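Read through the structure below, which is laid out as structure tokens, and then see the notes.
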Amino acid sequence: METLLEGWTALAGRSRVATAVGAELVARWSEPHRRYHTLDHLRAVLAAIEPLAPVADDADAVRLAAWFHDAIYDGRPAWDEERSAQLAQALLPRCGVAEGRVAEVARLVRLTATHDPGYDPARAGDANGAVLCDADLAVLAGEHYDAYARAVREEYRHVPDELFRAGRAQVLRRLLDAPRLYRTARAHDLWEARARANVSAELRLLDGVGAVGDGFTSPAAARTGRDQAEQRLT
């Protein structure tokens, strides 16, 4: 926790107000209803930004946006991002963050609702947006993808299984249909192949095929039939 807050003060300063804002953000990310959008996710996004940071036009704005991008999380897509952006606009000026950077942070937070920064490595474009969105989606390439999928299901535990499967499958198909999951060349090289394998494996589970392959090795493959059935609902 201290390391996380040290990272915050490096961005926002060590004033009493900045320290209080950092503590508020940590408290928000620690809310008990969260299962995936937790402090672990925040840490993971901040870590994923670092290898991509040289691409960004303002890496500190990207880091600040990571702190705020799910600061408000009620499981309401687009609404959560909008409220989180508004929170950034309210709190960052109190920390002495320049007006232009505050505006950029809020824009980036809103962008995470679609993860579509309109960036092409060959033609440039929204480099800050590309770095943040790629870092936010780095989890798709993770070794513990099945744990991520289970956590997402837990956050939507109020949604009936059939509706969740249909909605989640739609999201995964949209990801796979995209020409590339990651916009920056570095993220594409690091994570694209593994992410596509992971997403494809989950989609097969949701569709009821039950096969796990394409390089994705899940602990669920060795569980009892009951456990595997539960995994298909994530």
Side-chain angles (χ1 to χ4, degrees), residues 25 27-46 48-49 61-62 64-91 103-119 126 128-142 145-183 187 191 195-196 198-200 202-203 205-207 232-234:
L25 290 171
R28 288 179 178 276
W29 282 92
S30 303
E31 291 165 336
H33 69 280
R34 297 173 182 247
R35 294 296 183 271
Y36 168 60
H37 295 90
T38 63
L39 284 173
D40 285 341
H41 174 58
L42 173 59
R43 291 187 184 96
V45 173
L46 288 168
I49 286 170
V62 176
L64 285 168
W67 271 91
F68 279 93
H69 81 287
D70 284 318
I72 294 178
Y73 184 78
D74 292 322
R76 301 172 64 186
W79 178 245
D80 289 340
E81 287 82 3
E82 177 58 32
R83 292 176 67 206
S84 295
Q86 292 175 6
L87 184 69
Q89 290 173 308
L91 296 184
E104 176 65 355
V105 170
R107 184 190 71 82
L108 291 170
V109 171
R110 292 185 173 101
L111 186 60
T112 61
T114 62
H115 292 100
D116 185 9
Y119 176 86
D126 185 2
N128 288 342
V131 169
L132 179 62
C133 291
D134 284 359
D136 197 24
L137 294 179
V139 65
L140 299 179
Y145 181 93
D146 59 333
Y148 146 73
R150 285 197 303 274
V152 170
R153 179 64 185 108
E154 289 174 12
E155 285 193 336
Y156 286 90
R157 55 194 174 276
H158 58 284
V159 178
D161 289 339
E162 184 176 354
L163 293 178
F164 178 82
R165 283 198 301 270
R168 179 70 174 171
Q170 183 178 20
V171 169
L172 298 180
R173 288 191 180 95
R174 186 166 63 246
L175 288 170
L176 291 174
D177 286 345
R180 54 191 295 155
L181 295 173
Y182 301 102
R183 303 306 181 95
W191 303 319
R196 287 191 175 274
N198 285 348
V199 172
S200 296
E202 184 188 359
L203 185 58
L205 290 171
L206 289 171
D207 287 341
R232 290 176 187 169
L233 302 179
T234 59

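Fair warning: this is a prediction, and the values are worked out from it, not measured in the lab.
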| Are Asn198 and Leu140 close enough that some pair of their side-chain heavy atoms sits under 4.5 Å apart? | no
| request: Kindly say whether Ser84 contributes a backbone atom to a donor-acceptor pair with the side chain of Tyr73 at under 3.5 angstrom? | output: no
| said: So which atom in Val139 and which in Tyr145 form the shortest heavy-atom distance, rounded to 0.1 Å? | reply: O-CD1, 3.9 Å
| With no hydrogens and no angle check, is any side-chain donor or acceptor of Asn128 less than 3.5 Å from a backbone partner on Leu108? | no
| message | I'd like to know if the side chain of Arg35 reaches the main chain of Pro32, judged simply by a donor and an acceptor atom lying under 3.5 Å from each other, with no hydrogens or angles considered. | response | yes
| message | Does any part of the side chain of Arg107, heavy atoms only, come nearer than 4.5 Å to the side chain of Arg110, both counted from C-beta? | response | no
| Point-to-point distance, once rounded to the nearest 0.5 Å, from CG of Leu42 to CG of Leu25 | 8.5 Å
| Can you tell if the side chain of Asp161 reaches within under 4.5 Å of the side chain of Arg153, non-hydrogen atoms only? | yes
| What's the verdict on side-chain contact (heavy atoms from CB on, under 4.5 Å) for Trp67 and Leu46, showing C-alpha distance, side-chain angles and the deciding distance? | CA-CA 8 Å; Trp67 271 91; Leu46 288 168; 3.7 Å; yes
| Test item: Trp29 side-chain N/O and Asp70 main-chain N/O as donor-acceptor pair under 3.5 Å | no
| query | Quick one: does Arg183's side chain get under 4.5 Å of Cys133's, heavy atoms only? | reply | no
| So do the side chains of His41 and Arg34 get within less than 4.5 Å of each other, counting heavy atoms only? | no
| What distance do Tyr156 atom OH and Tyr36 atom OH have between them, rounded to the nearest 0.5 Å? | 11.5 Å
| Under 6.0 Å between the ring centres of His33 and His158? | no
| message | I'd like to know if the side chain of Glu155 reaches the main chain of His37, judged simply by a donor and an acceptor atom lying under 3.5 Å from each other, with no hydrogens or angles considered. | response | yes
| task | Please name the pair of heavy atoms, one in Ala195 and one in Tyr182, separated by the smallest distance, quoted to 0.1 Å. | result | CB-OH, 3.5 Å
| request: Would you give the length of the straight line joining atom CG of Leu91 to atom CG of Leu64, rounded to the nearest 0.5 angstrom? | output: 11.5 Å
| Quick one: are Val109 and Gln89 in side-chain contact, heavy atoms under 4.5 Å? | no
| task | Measure the CZ-CD distance between Arg83 and Gln86 for me, rounded to the nearest 0.5 Å. | result | 8.5 Å
| said: Does this structure show an ion pair linking Arg174 with Asp177, if we count only N-O contacts that are shorter than 4.0 Å? | reply: no
| request: Kindly check if the number of other-residue, nucleotide or ligand heavy atoms within 6.0 Å of CD (Glu31) is above 12? | output: yes
| field | Heavy-atom donor-acceptor pair, Asp80 side chain to Arg76 backbone, under 3.5 Å | value | yes
| Rounded distance [0.5 Å steps], CG in Asp40 versus OG in Ser30 | 9.5 Å
| field | Salt-bridge contact Arg173-Asp207 (side-chain N to carboxylate O under 4.0 Å) | value | yes
| Between Ala48 and Ala138, what is the shortest heavy-atom contact and its length? | CB-CB, 3.9 Å
| query | Between Asp126 and Leu111, is any pair of side-chain heavy atoms under 4.5 Å apart? | reply | yes
| field | Nearest-0.5 Å distance, CZ of residue Arg168 to CG of residue Leu206 | value | 7.5 Å
| message | Give me the atom names and distance for the closest heavy-atom approach of Ile49 to Ala66. | response | CD1-CB, 3.8 Å
| query | Should Leu203 and Leu176 count as side-chain neighbours, where that means a heavy-atom distance under 4.5 Å? | reply | yes
| field | Passing option when Leu132 is tested against Leu137, Val105, Val62 for side chain to side chain contact (heavy atoms under 4.5 Å, CB included) | value | Val62
